[in-house]
Amino acid sequence: MKGTPGPSITVGLFGVGLDTYWPQFAGLKNRLLGYQKQIGQRLQSQGVRLVDAGLVDNPAKARAAASRFRRGEVDLIFLYVSTYALSSTVLPVVREAGVPVVVLNLQPVAQLDYRKFNALGDRGLMTGVWLEHCQACSCPEIASVFNRAGIPFHLVTGHLKDEAAWREIGDWVAAAKAAAGMRTNRVGVLGHYYCGMLDVYSDLTQQSAAFGSHFEILEMCELDALRKSVTAAQARAKVGEFRRVFKVARECDEAELERAARTSCALDALADKHRLGALAYYYESVAGNPYQDIVTSVIAGHTLLTGRHIPVAGECEIKNVQAMKIMDLLDAGGSFSEFYLSDFKDDVIYLGHDGPAHFAIAEGRVRLVPLPVYHGKPGKGLSIQMTVRHGPVTLLSVVQRGDGKLLLLTAEGESVPGPVLQIGNTNSRYRFAIGAKAFLNAWSQAGPAHHCAIGTGHVAEKIAKLAKILKLDSQRIG
C-alpha cells in the first residue's frame, strides 16, 4: 500500500503584448520572450507540467491560446504581462479556459538604470526600453475587465529576481496542487458519528461540491472479513514494522501488539481495495462482538496510514479529515487534534488527541503505549504518545457555517517546549501571538467543530490561496 503527497498539476503560461510594437521597436519582442522563458523555467522547477502558449499579441492568438489550454487540461493559468497589451487579447484566453488565473506583474529588474537609459539619446530606442519595463501599465485595464466580466483573478507584483514574489507564486502552485489533490481524493467513511457530537456532523454533498472529493461508505463487516484473512506471518511482519517505526513501550503486551497488527493489516487492505486517500471512522459495537475488538485496536494502524499520506480522523470527523488532507498535501503533516487545556501562567494552549498521529511532524519518535481505558469510548488497547515538532505550526479547520457555506479557518503559532501530559495521547504546547485567552475566544467564535488539524510550518497564506482557487471563504485568527 502506497500513498502519495499529491498529484502533479499542469499550469498554463502565456504572455501578452501588442503586435503594433514589434515593427516599431527592434528586438523588443525577443527580449520579452526571453523573460517569459525565464518564468516558464522557474515554474517547471516547482514540479509542474507546463503548457506555454507563447506571446499573445492579438485576439486571434488569444483564441488559439485558450484552445491549447483546454486541450492541455491546465489547472491554473499564469498570465505574464510582458508590456502594455490590449485587454481584448487577454479576456478570451481566461474566459474560455475557465480555470483560476494569476496575473504576473513582473518587471525585468527592480530598478531601471535611469542614467544609462537617459544617456541613450535616441527617443525611439528609449521608448522601446521603457516598453520593456512597463508591465504595470496594463494591470488596471486587465483588472477592470476581469471585474466587469465576473472573473476572479489574483495579482503578483515584483520583478524577475524578486524572491518574495516567487515565494508568492510558489504558494499559488502549492495551493493548486492541493486543490487537485482534494479533487481526486477518495475519502473512506467507516462506521458512524459519535452520538451527540452535533458539531462534527457533516454534509457530504457539500463537501463533494466544495472540494470535488469522492466519499466511499465502508462496511465494518468488510473490515472484519479482511482481518480474519490476515495470516500469522503477516501479523508478525506488522509487529516488526511497529517496532521499527514506533518506540514501543516495554509495558505493551505481545497479545495487544498482535491484535493491533492484525487490524493494521486489514486497514492496509481496505485502503488498497478502495484506493483511499483519507479515512474518517468511529464505531462502538457491544462487548464481546468482533467489531469492538477491531475498533479498540485501530490507533496504531491508523497512525501508519496517516504517515503514508492517508490521514485518518476519529469520531467520524469528516470535515477534519479534509483539513488533515489539505495539510498533508501542503507537506505540512496534519495531525488530529482538539483543545486539551490552557496554561495561563505560561500563556500556552494544549492540543492533542488519543490518535492517530503524523510521523512527519513528530518531535522525536512516536511512542506506542498501552491505555487501560479509552476516555469516552469502549475498551482499552494501544495508543500514541507524541509531541508536535517544536517551531512554527498552523491550525486548520474546515468550518460548516450556519448559512451552509464552508470556511477554511486558520491560525499560525508555535509549538513550544515544556511539560506535556503523559497520558498516551498526542499533545503539545502552543503559543499564539495574541495570547491564549484572545486566541481561544476568537477561534471558538469563528464556529469550527471542536477538532482541528495541526501541521508544521506557517502555511496560512497557501491555505488562503487554496480557498480562492476553490471559491471558498477563509479566515485567519491572529
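Numbers here simply count residues along the sequence, with the first being 1.
- The side-chain heavy atoms of D75 and V48, taken from C-beta on, include no pair separated by under 4.5 Å.
- With a 4.5 Å cut-off on side-chain heavy atoms, E216 and V187 do not count as touching.
- Note: T410 OG1 to K462 NZ = 13.5 Å, rounded to the nearest 0.5 Å.
- Annotation: the span from F78 atom CZ to Q36 atom CD amounts to 13.0 Å, rounded to 0.5 Å.
- Heavy-atom minimum distance, S202 versus I318: OG-CB, 3.9 Å.
- Across all non-hydrogen atoms, the minimal contact from Q135 to P108 is OE1-CD, 3.6 Å.
- The CD atom of Q292 sits 11.0 Å away from atom CD1 of I294, with the distance rounded to the nearest 0.5 Å.
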Q.
Let's go through E317 and H450 carefully: what are the C-alpha distance in whole Å and the side-chain angles of both, what is the deciding distance for side-chain contact (heavy atoms from CB on, under 4.5 Å) to 0.1 Å, and is it a yes or a no?
A. CA-CA 10 Å; E317 175 55 292; H450 70 280; 5.6 Å; no

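- Scanning for salt bridge (Lys or Arg N to Asp or Glu O under 4.0 Å) contacts around D224 gives K228, with sequence neighbours left out.
- Relative ring orientation between Y282 and H192 is described as perpendicular, the plane-to-plane angle rising above 60° on a 0-90° scale split at 30° and 60°.
- The two residues L330 and A174 have their closest heavy-atom pair at CD2-O, 3.7 Å.
- Between V399 and A446, the shortest heavy-atom contact is CG1-O, 4.0 Å.
- Atoms CG and CD, from L270 and E222 in turn, are 5.5 Å apart once rounded to the nearest 0.5 Å.
- With values rounded to the nearest 0.5 angstrom, S428 atom OG is found 13.0 Å from I349 atom CD1.
- F339 pairs in a side-chain contact (heavy atoms from CB on, under 4.5 Å) with only one of the listed residues (W443, Y350, Y430), which is W443.
- When all heavy atoms of S397 and A449 are compared, the pair lying nearest together is OG-N, 4.3 Å.
- Aromatic ring centres of F336 and H451: separated by under 6.0 Å.
- The closest side-chain heavy-atom distance from F69 to I77 is below 4.5 Å.
- There is a side-chain donor-acceptor pair under 3.5 Å between T263 and R227.
- Within 6.0 Å of CD on E73 lie no more than 12 heavy atoms contributed by other residues, nucleotides or ligands.
- Side-chain N or O atoms of W172 include none that pairs as donor or acceptor with a backbone N or O of V101 at under 3.5 Å.
- A salt bridge is defined here as a Lys NZ or Arg NE, NH1 or NH2 lying under 4.0 Å from an Asp or Glu carboxylate O, and K468 with E461 fails to meet this definition.
- Of all the heavy atoms in S337 and I454, the pair that sits closest is OG-CD1, 3.4 Å.
- Residues T426 and H353 have side chains in contact (heavy-atom distance under 4.5 Å, counting atoms from C-beta outward).
- Within the 4.5 Å cutoff, no side-chain heavy atoms of L368 are placed close to those of R243.
- A salt bridge links E163 with R42: at least one charged nitrogen is closer than 4.0 Å to a carboxylate oxygen.
- The distance from atom CG of L371 to atom OG1 of T296, rounded to the nearest 0.5 Å, is 11.5 Å.
- The pair E315-K377 meets the salt-bridge criterion, with a side-chain N (NZ, NE, NH1 or NH2) lying under 4.0 Å from an Asp/Glu carboxylate O.
- A 4.5 Å side-chain heavy-atom check between V93 and L79 finds every atom pair outside the cut-off.
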Go through it in stages, so that I can follow the logic: the residues are S297 and R262, the test is side chain to side chain donor-acceptor pair (under 3.5 Å), and I'd like the CA-CA distance, side-chain angles, deciding distance and then a yes or no. CA-CA 9 Å; S297 59; R262 288 184 174 277; over 6 Å; no

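- Salt bridge annotation for D473-K405: absent, with no cationic side-chain nitrogen under 4.0 angstrom from a carboxylate oxygen.
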